[in-house]
Amino acid sequence: MSINRMLDKDVRQAVKDKILKAHINDPSTLVIDELGLDHGRNRVDIAVINGELHGYELKSDSDNLLRLPQQSMAYSSIMDKVTLVVGEKHVQEAINIIPDWWGVKIATMNPRGGVNIATYRRNKKNKDIDPLELSKLIWKEEALALLAIKINVDWRIRKLTRKDIYKLIVDTFSLDEIRDNTRAILKSRINWRQFGE
């Protein structure tokens, strides 16, 4: 723990210890660090996957907010809920950048060097999920297996680009089906660090 300066790793550990402890010990929930969105162009600091996709973006006082506008757009197209955990220094500026359905928690360092987290604004459900962007969380082979539930996946479909396979998923499944299947696929994935595309 850094004594005078709160760092990202301090905030990450505090979020896991104080907010996500029950989820981490729940076998029906997957908690993953650095979940890649849009094939790695953006990363969610901590993603919690159970009955919904909940992203946690961490911005300590030692961070800047330069990437937050782009992160905000990327997360908002995919996540059911998002919580920004932000140092006091950045609260007002961050609130002006993020949508009003994002939750906000403020991280402060106590005199003993620990991180306290207080709720500033509760999160709400995202009503604007983009099914195409959500589909991009699925690797190509996983996407083909998903399509095989409803259609005959022949050699012509297998030869399609990833982009066209995702479009086919959007044309074949409802948003709720894509949401449910994406969560199930992510939770059943064995090797997270290979990019099986």
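Hydrogens, waters and symmetry mates are skipped; everything else that's a heavy atom, side chains included, is used.
Side chain of Q70 to backbone of R67: no donor-acceptor contact under 3.5 angstrom is found. Between the Y166 side chain and the I138 main chain, a donor and an acceptor come within less than 3.5 Å of each other. Of the possible donor and acceptor atoms, none in the side chain of D26 sits under 3.5 Å from a partner among the backbone N and O of A22. Judged by distance alone, with hydrogens and angles left aside, the side-chain atoms of T172 form a donor-acceptor pair with the main-chain N or O of L168 at under 3.5 Å. Side-chain N or O atoms of R158 include none that pairs as donor or acceptor with a backbone N or O of L144 at under 3.5 Å. Proximity of a side-chain donor or acceptor of D61 to a complementary backbone N or O of E88 within less than 3.5 Å is detected. Of the possible polar contacts, one joining the S188 side chain to the I185 backbone as a donor-acceptor pair under 3.5 Å is found. A donor-acceptor pair is defined here as one N or O able to donate and one able to accept, closer than 3.5 Å; such a pair exists between the side chain of K187 and the backbone of S28. Here the side chain of N42 pairs no donor or acceptor atom with the backbone of L37 at under 3.5 angstrom.
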Criterion side-chain contact (heavy atoms from CB on, under 4.5 Å) on R12 and D33, from CA distance to verdict: CA-CA 9 Å; R12 185 182 299 269; D33 289 300; 2.8 Å; yes

Check against side-chain contact (heavy atoms from CB on, under 4.5 Å), T108 and V115: CA-CA 6 Å; T108 54; V115 175; over 6 Å; no

Stepwise side-chain contact (heavy atoms from CB on, under 4.5 Å) test for D10 and M109: CA-CA 9 Å; D10 304 327; M109 187 167 272; 4.2 Å; yes

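Residues I78 and D130 fail the side-chain proximity criterion, which asks for heavy atoms closer than 4.5 Å. I165 has its side chain within reach of L147: a pair of non-hydrogen atoms, C-beta onward, lies under 4.5 Å apart. In this structure, the side chains of Y120 and V86 stay at 4.5 Å or more apart for every pair of heavy atoms. Considering only heavy atoms from C-beta on, I49 stays 4.5 Å or farther from T29 through its side chain. Side-chain atoms of K127 and D80, non-hydrogen and from C-beta on, never get closer than 4.5 Å to each other. Put simply, the side chain of R189 reaches to within 4.5 Å of the side chain of E142, judged on heavy atoms. With contacts defined as side-chain heavy-atom distances shorter than 4.5 Å, the pair D128/N126 qualifies. The side-chain heavy atoms of I157 and I151, taken from C-beta on, include a pair separated by under 4.5 Å.
Around atom NZ of K150, more than 12 heavy atoms belonging to other residues, nucleotides or ligands sit under 6.0 Å away. Within 6.0 Å of atom NZ in K18, more than 12 heavy atoms from other residues, nucleotides or ligands are found, so the atom counts as buried in its surroundings.
R183 pairs by the salt bridge (charged side-chain N to carboxylate O under 4.0 Å, His left out) definition with D180, not counting sequence neighbours. Under the rule for a salt bridge (charged side-chain N to carboxylate O under 4.0 Å, His left out), the partners of D154 that lie at least two apart in sequence or sit in another chain are R156. Under the salt bridge (charged side-chain N to carboxylate O under 4.0 Å, His left out) criterion, D38 pairs with R41, K136, not counting sequence neighbours. For I24, the side chain to side chain contact (heavy atoms under 4.5 Å, CB included) partners are K16, L20, V31, not counting sequence neighbours. Annotation: salt bridge (charged side-chain N to carboxylate O under 4.0 Å, His left out) contacts of D63 (sequence neighbours excluded): none.
Atoms CG and CG, on D45 and L35 in that order, are 10.5 Å from each other to the nearest 0.5 Å. Note: L146 CG to T182 OG1 = 7.0 Å, rounded to the nearest 0.5 Å. In this structure, I129 CD1 and I178 CD1 are separated by 10.5 Å, a value rounded to the nearest 0.5 Å. To the nearest 0.5 angstrom, S72 atom OG is 11.5 Å from L65 atom CG. To the nearest 0.5 Å, atom OG of residue S60 and atom NZ of residue K89 are 8.5 Å apart. The distance from the NZ atom of K125 to the CE atom of M79 is 12.5 Å, given to the nearest 0.5 Å.
A donor-acceptor contact under 3.5 angstrom links the side chains of T83 and N123, judged on distance only. With 3.5 Å as the limit, one finds no donor-acceptor pair spanning the side chains of D176 and S174.
Residues V82 and M73 do not share a hydrophobic cluster, clusters being chains of Ile/Leu/Val/Met/Phe/Trp/Tyr side chains in contact below 4.5 Å.
Here the closest non-hydrogen pair linking K140 and L160 is NZ-O, 3.3 Å. Taking each heavy atom of E177 and F173 in turn, the nearest pair found is OE1-CA, 3.3 Å. The shortest non-hydrogen separation linking G55 to V44 is CA-CG1, 3.7 Å. Closest non-hydrogen pair, D8 versus S62, comes out as N-OG, 4.5 Å.
Here E52 does not pair with R179 in a salt bridge; the nearest charged N to carboxylate O distance is not below 4.0 Å. Under 4.0 Å is where a charged nitrogen must lie from a carboxylate oxygen, and between K59 and E57 at least one such pair does.
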Side-chain atoms of residues 94-106: list all donor-acceptor pairs with protein atoms under 3.5 Å, sequence neighbours left out, distances to 0.1 Å.
from : atom 1 : to   : atom 2 : distance (Å)
N96  : ND2    : Q92  : O      : 3.3
W102 : NE1    : S76  : OG     : 3.2
K105 : NZ     : T119 : OG1    : 2.7

